[in-house]
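I have placed the structure first, in the form of structure tokens, so that the comments after it can refer back to it.
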Number of protein chains: 2
Amino acid sequence: MPRAGLDDTAVVDAAARLVDADGLDSLTLARVAATLGVRAPSLYSHVDGLEDLRRRVGARGARELAEALGRAAAGRAGSDALMAVAEAYRSYGRGHPGRYAAAQRARELSASNEAVAATGAAVEVVLAVLRGYGIEGDDALHATRTIRAALHGFVLLEAVGGFALDLSVDDSFTRLIATLDRGLRAVEQ
Amino acid sequence: MPRAGLDDTAVVDAAARLVDADGLDSLTLARVAATLGVRAPSLYSHVDGLEDLRRRVGARGARELAEALGRAAAGRAGSDALMAVAEAYRSYGRGHPGRYAAAQRARELSASNEAVAATGAAVEVVLAVLRGYGIEGDDALHATRTIRAALHGFVLLEAVGGFALDLSVDDSFTRLIATLDRGLRAVEQ
DNA sequence: GTGATTGCCTAATAGGCTTAGGTTAGCATG
DNA sequence: CATGCTAACCTAAGCCTATTAGGCAATCAC
């Protein structure tokens with residue numbers, strides 16, 4: 001019997017493609033194994049069960065998202081940077097809905113150093129953008145939560161088909177960012 | 001053999017309690033049946049399988065959430081109304097995390113008249129609040145998406161333990177609403 | 001070539017959903 | 001009060017998961 005020649009990365013690759021195509025809930029070891037031409041128990045050589053696989057997919061999503069945000073922010077400042085980061089965030093969520101969803105399972109991901117580091121990097125990107133607004137310290141941390149909540153909610157609602165009305169979702173997103181931009185600029189204290 | 005005397009409502013009740021306590025993912029027919037003192041197949045007399053049960057729990061969540069928003073908005077206007085609605089939204093999400101999560105599965109819920117009606121009612125509440133800001137028409141629909149995205153994202157991040165830093169989550173929420181309030185007030189055109 | 005590693009396998013356990021088909025409790029009707 | 005119907009509940013079985021245990025053999029280091 002020839003070997004498939006798998007390794008950890010190949011398994012996570014296959015899982016990531018699967019969740020992006022069919023949703024996080026449809027991630028099963030059986031399906032991943034089938035796409036790799038292998039039986040389910042064989043995956044245990046590379047991955048420590050289903051939960052571990054989900055965690056690794058989430059960690060990859062967190063890392064890719066943080067990288068995308070960093071690239072978007074590079075060389076920009078102020079509203080320009082906020083818009084670029086927001087666009088990159090939404091773009092990643094739309095392009096990789098499964099990885100994105102997996103990246104948000106904070107409780108599971110707290111066991112992954114890679115995921116924790118990536119989340120920290122993403123926060124740093126937003127904090128840098130906020131310095132362009134003159135917001136620092138705790139104010140900046142609160143503002144980071146505001147921005148993250150707004151972007152996260154938008155991406156999830158879009159992914160789940162929550163924007164049912166016949167009204168441009170692109171326009172809605174642009175206005176969301178504009179509202180945040182205005183709201184952040186007007187901060188006193 | 002005595003009968004348990006179940007009906008649809010009792011089954012959905014049990015499921016709603018279960019998902020609020022242990023999370024939406026832990027909803028299984030076997031567990032619901034066990035809490036009701038019955039075998040899993042017996043539930044098929046009252047509910048059309050697991051997916052249908054999830055849909056019904058989500059519909060109940062959507063209705064309860066819409067009712068809470070309506071109560072919060074009653075007798076208030078402007079920033080006051082926005083704050084009250086936002087607090088009610090977050091409060092429901094925290095108090096009933098499982099129902100709340102189920103209520104957001106838009107694709108599944110599109111098959112539920114109750115859920116569709118409830119979602120429409122919630123949108124109406126927000127539109128009424130926005131009239132207090134002088135926002136109407138498409139602008140108001142876009143603003144509704146902004147508000148919904150921000151609240152939804154915040155509730156989900158809070159539920160999943162996404163706010164890890166030692167920084168008051170209550171304060172963050174207050175500032176989120178304040179940022180939205182300022183951002184909505186400054187709308188031109 | 002030889003030995004060790006390890007990738008992959010089959011077999012089996014345990015638990016989930018669901019369908020099929022049977023039994024019976026409890027009500028409605030005569 | 002007896003009869004019969006409805007529907008609530010059951011067991012059995014099939015098929016899908018995940019996971020563990022234990023075995024075989026392909027491949028690599030020497």
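These numbers were taken from a predicted model, which means no experiment stands behind them. A, B, ... follow the sequence lines: proteins, then strands. Residue 1 opens every chain.
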### Message
With a 4.0 Å limit, can you tell me whether Ser42(B) has a side-chain N or O closer than that to the phosphate oxygens OP1/OP2 of dC10(D)?
### Response
yes

## Note on the structure
With sequence neighbours left out, the residues meeting salt bridge (charged side-chain N to carboxylate O under 4.0 Å, His left out) with Arg39(B) are none

### Task
Say whether, by atom type as modelled, one donor and one acceptor occur between the side chain of Arg76(B) and the main chain of Ala81(B) under 3.5 angstrom.
no

### Message
Applying side-chain hydrogen bond (donor to acceptor under 3.5 Å, both in side chains), can you list everything that pairs with Ser42(B), at least two apart in sequence or on another chain?
### Response
none

Pick out the pairs of N or O atoms, protein on one side and nucleotides 18-21 of chain D on the other, that lie under 3.5 Å.
residue	atom	partner	partner atom	Å
dA18(D)	OP1	Leu29(A)	N	2.4
dA18(D)	OP2	Leu29(A)	N	3.4
dA18(D)	OP2	Ala30(A)	N	3.0
dT19(D)	OP2	Tyr44(A)	OH	2.6
dT19(D)	OP2	Leu50(A)	N	2.8
dT19(D)	O5'	Tyr44(A)	OH	2.7

### Task
Name all residues meeting the side-chain hydrogen bond (donor to acceptor under 3.5 Å, both in side chains) criterion together with Asp7(A); count only those two or more places apart in sequence or in a different chain, and write none if there are none.
none

### Message
What is the distance, to the nearest angstrom, from the CG atom on Asp8(A) to the P atom on dT6(C)?
### Response
13 Å

### Query
For His152(A), what residues pass the ring-ring contact (aromatic ring centres under 6.0 Å, His included) criterion, not counting sequence neighbours?
Tyr100(A)

#### Entry: Between dC9(C) (P) and Leu36(A) (CG): distance, integer Å
11 Å

### Query
Which distance, rounded to the nearest 0.5 Å, do you find between the CZ of Arg175(A) and the CG of Asp170(A)?
12.5 Å

### For Asp138(A), side-chain hydrogen bond (donor to acceptor under 3.5 Å, both in side chains) partners two or more places apart
none

### Message
Going by side chain to side chain donor-acceptor pair (under 3.5 Å), name the pairs with one or both residues in residues 154-165 of chain B, residues two or more places apart or in two chains.
### Response
Arg90(B)-Glu158(B), Arg94(B)-Glu158(B)

### Whole angstrom value for the distance that separates C1' of dC24(D) from CZ of Arg39(A)
15 Å

### Message
Taking only side-chain N and O atoms of His46(B), does any of them lie within less than 4.0 angstrom of OP1 or OP2 on dC9(D)?
### Response
yes

### Query
Can you name the side-chain hydrogen bond (donor to acceptor under 3.5 Å, both in side chains) partners of Ser172(A), sequence neighbours left out?
His142(B), Arg145(B)

## Note on the structure
In short, the helix from dG1(C)-dC30(D) to dG30(C)-dC1(D) is bent end to end, axes from five pairs each side, to 10°, by 10°

#### Entry: Within residues 14-25 of chain B, residues whose heavy atoms come under 4.0 Å of DNA chain C
none

### Message
Taking side chain to side chain donor-acceptor pair (under 3.5 Å) as the cut-off, I'd like each qualifying pair that reaches into residues 113-130 of chain B, sequence neighbours left out, listed once.
### Response
Arg63(B)-Glu114(B)

#### Entry: By salt bridge (charged side-chain N to carboxylate O under 4.0 Å, His left out) - contacts of Arg148(A) (at least two apart)
none

